[in-house]
Amino acid sequence: MNKNLIALAVAAATFSGAASAATVYSDDTSSLAIGGRVEARALLSENGNTKLADDATNQQIINQHTSNDVTDISRVRVNIDAKTQIADGVQGIGYFEREFTANTSNDENRYLYAGVNSDKYGQIVYGKADGSLGMLTDFTDIMAYAGSVVGGSKLAVADRTSNNLAYVGTFNNLTFKANYVFDGAAYNDDIASKNFGQKTNQSGFSTAAKYAVGDTGLALGVGYAQQKDQTAINNSVNQTSKQTFAVASYTMGDLYFGGLYKYGHRDATNLVNGDLTDSQGYEFAAAYTMGKAVFTTTYGFMKDERNTSGAYDELANALSVDGTYYFNSNFRTYASYTYNMLDKNKVGKVAASDQIVLGARYDF
């Protein structure tokens, strides 16, 4: 078993599988590779069945049922990675990835972009591509299934999104990313909605940098995002949201530790009253590699920051643990458990439910 491969999987657990992609075409100047994954996942959690009043302009919950059911959340990802040499040390690139799920209504194009890569100056692309803060949230987003509850709250312009012009460059131990998401042309076409005719896009930018401190095993990062929300929220439009992230990690042999801090302005939704709120959160992650097995754990906490009296509502409070066994570089199995510590009397049983996931994944 290639131990470096396991380390890569721990450092970027959500990686699409391109590391094992097969080159199906190659000549002196161009190449085309196809890769992806097939992942069977069974989720046991509290599920909600909510019925709303018929009047869409005045929706009200009239009943709600919850039950502990097993949900099939299996998925398949297929990606195409193309490159061609256009000058000395410069390549034209294109990348596409599609995800297919057990519930076909959730299928999506995860990536769809093209651009230019320079071996010396970095890469610039346009399309549906990663924002800049994902590079930082990967410090704690290391689980086989459970995501980063704090990092997962990053603004849309800082996450994987379309209409996105993105740059990334690595210079020795420093990696720098910046992206800008343009003001789009999508409008709310639901005539029953109070927001009918208004824009439904977010536009803005994000930027981030991370630095590996020599061969010490220490890495540091910082990032910022700003977004204009063009959908009416609480009867106002064009509100600006902001986020600041700071991260650190330390790798020592088979041990990995990561930490993340976030402060946000108008970037989160209060789970109790549904209001847009400021937020503050932190997250800690650890991983241990033992032969072909990897054990990971993450704790994340986030609260609102809008109550001047000092009281606050929790937005996230969860501890996750999982174990993954790598049979070889292509096939792994895992089990994951999330202990959710939100108050169910405030946010409801579904939002406060624990989760158990069993999965098997084949990368190609």
Side-chain angles (χ1 to χ4, degrees), residues 14 41-53 56 58-73 75 101-103 105-106 108 137 140-156 158-159 202 229 231 233-234 241 243 260-285 296-307 311-322 335-359:
T14 58
R41 305 184 299 176
L43 167 67
L44 175 62
S45 182
E46 196 96 30
N47 293 278
N49 180 10
T50 302
K51 184 177 180 181
L52 300 176
N58 185 28
Q59 291 184 342
Q60 295 180 344
I61 297 176
I62 58 178
N63 59 39
Q64 184 177 46
H65 308 285
T66 60
S67 60
N68 284 301
D69 296 320
V70 175
T71 304
D72 185 354
I73 55 171
R75 62 187 180 184
T101 62
N103 179 359
S105 63
N106 293 329
E108 65 164 334
T137 59
T140 55
D141 190 7
I142 65 173
M143 307 291 288
Y145 169 75
S148 165
V149 296
V150 180
S153 67
K154 56 185 172 287
L155 294 173
D159 204 352
Q202 291 90 26
D229 298 297
T231 300
I233 300 175
N234 299 333
S241 302
Q243 285 181 333
L260 177 150
Y261 172 79
K262 182 203 83 165
Y263 184 83
H265 171 69
R266 293 182 177 271
D267 72 320
T269 301
N270 186 294
L271 299 176
V272 178
N273 56 32
D275 289 345
L276 187 69
T277 183
D278 297 351
S279 70
Q280 183 176 187
Y282 56 84
E283 195 160 52
F284 302 101
T296 56
T297 184
T298 303
Y299 173 72
F301 176 84
M302 188 166 59
K303 63 178 182 177
D304 69 17
E305 288 285 305
R306 296 304 299 275
N307 194 326
Y312 64 85
D313 289 320
E314 293 182 353
L315 306 178
N317 189 357
L319 173 67
S320 298
V321 293
D322 66 32
S336 178
Y337 178 74
T338 297
Y339 175 49
N340 195 331
M341 290 172 273
L342 289 175
D343 187 346
K344 67 180 180 181
N345 294 319
K346 288 186 175 182
V347 303
K349 289 184 177 180
V350 175
S353 65
D354 296 348
Q355 292 185 338
I356 299 174
V357 174
L358 298 178

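On a predicted model such as this, the values are computed, not experimentally measured, just so you know.
- Between the CD atom in Glu314 and the CE atom in Met302 there is a gap of 11.0 Å [rounded to 0.5 Å].
- Atom CZ of Arg41 and atom CD1 of Ile73 lie 4.0 Å apart (nearest 0.5 Å).
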Test Ser353 against Ser45 for side chain to side chain donor-acceptor pair (under 3.5 Å), laying out the working first. CA-CA 6 Å; Ser353 65; Ser45 182; 3.0 Å; yes
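- A pairwise comparison of heavy atoms in Ala102 and Asp72 identifies CB-O, 3.6 Å as the closest pair.
- Note that NZ of Lys262 is 12.0 Å distant from OG1 of Thr140, once rounded to the nearest 0.5 Å.
- The heavy-atom pair separating Asp322 from Tyr145 by the smallest distance is OD2-N, 3.8 Å.
- For the ring pair (Phe, Tyr, Trp, His ring centres under 6.0 Å) test, no residue two or more places apart in sequence or in another chain qualifies with Tyr261.
- What you find for Ser148 and Gly151 is that their closest heavy atoms are OG-N, 2.8 Å.
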Could you give me the CA-CA distance, side-chain angles and deciding distance for Met341 and Leu319, then say whether side-chain contact (heavy atoms from CB on, under 4.5 Å) is met? CA-CA 8 Å; Met341 290 172 273; Leu319 173 67; 4.0 Å; yes
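- A heavy-atom distance below 4.5 Å is found between the side chains of Lys154 and Thr137.
- Separating the NE2 atom in His265 from the CD atom in Glu305 is a distance of 12.5 Å, to the nearest 0.5 Å.
- Looking only at side-chain heavy atoms (C-beta outward), Asn317 and Tyr299 come within less than 4.5 Å of each other.
- Residues Glu283 and Val149 have side chains in contact (heavy-atom distance under 4.5 Å, counting atoms from C-beta outward).
- Residues Leu315 and Ser279 come closest through the heavy atom pair CD1-CB, 3.8 Å.
- Tyr339 places none of its side-chain heavy atoms less than 4.5 Å from the side chain of Val321.
- Every residue two or more places apart in sequence or in another chain that forms a side chain to side chain donor-acceptor pair (under 3.5 Å) with Thr338 is listed here: Ser320.
- Thr297 meets the side chain to side chain donor-acceptor pair (under 3.5 Å) test with no other residue; sequence neighbours excluded.
- None of Asp275, Thr277, Asp313 except one satisfies the side-chain hydrogen bond (donor to acceptor under 3.5 Å, both in side chains) rule with Asn270; the exception is Asp313.
- By the side chain to side chain donor-acceptor pair (under 3.5 Å) test, Gln243 pairs with Asp267, sequence neighbours left out.
- Residues satisfying the side chain to side chain donor-acceptor pair (under 3.5 Å) test with Arg75, not counting sequence neighbours, are Glu39.
- Across all non-hydrogen atoms, the minimal contact from Thr298 to Met143 is OG1-SD, 3.2 Å.
- Under the ring pair (Phe, Tyr, Trp, His ring centres under 6.0 Å) criterion, Phe301 pairs with Tyr282, sequence neighbours left out.
- Taking the side chain as every heavy atom from C-beta outward, Asn340 and Gln355 never approach each other to under 4.5 Å.
- Residues Asp141 and Ala146 approach most closely at OD1-O, 4.2 Å, considering heavy atoms.
- One distance of note links CG of Asp304 with CG of Leu276; it measures 11.0 Å at 0.5 Å rounding.
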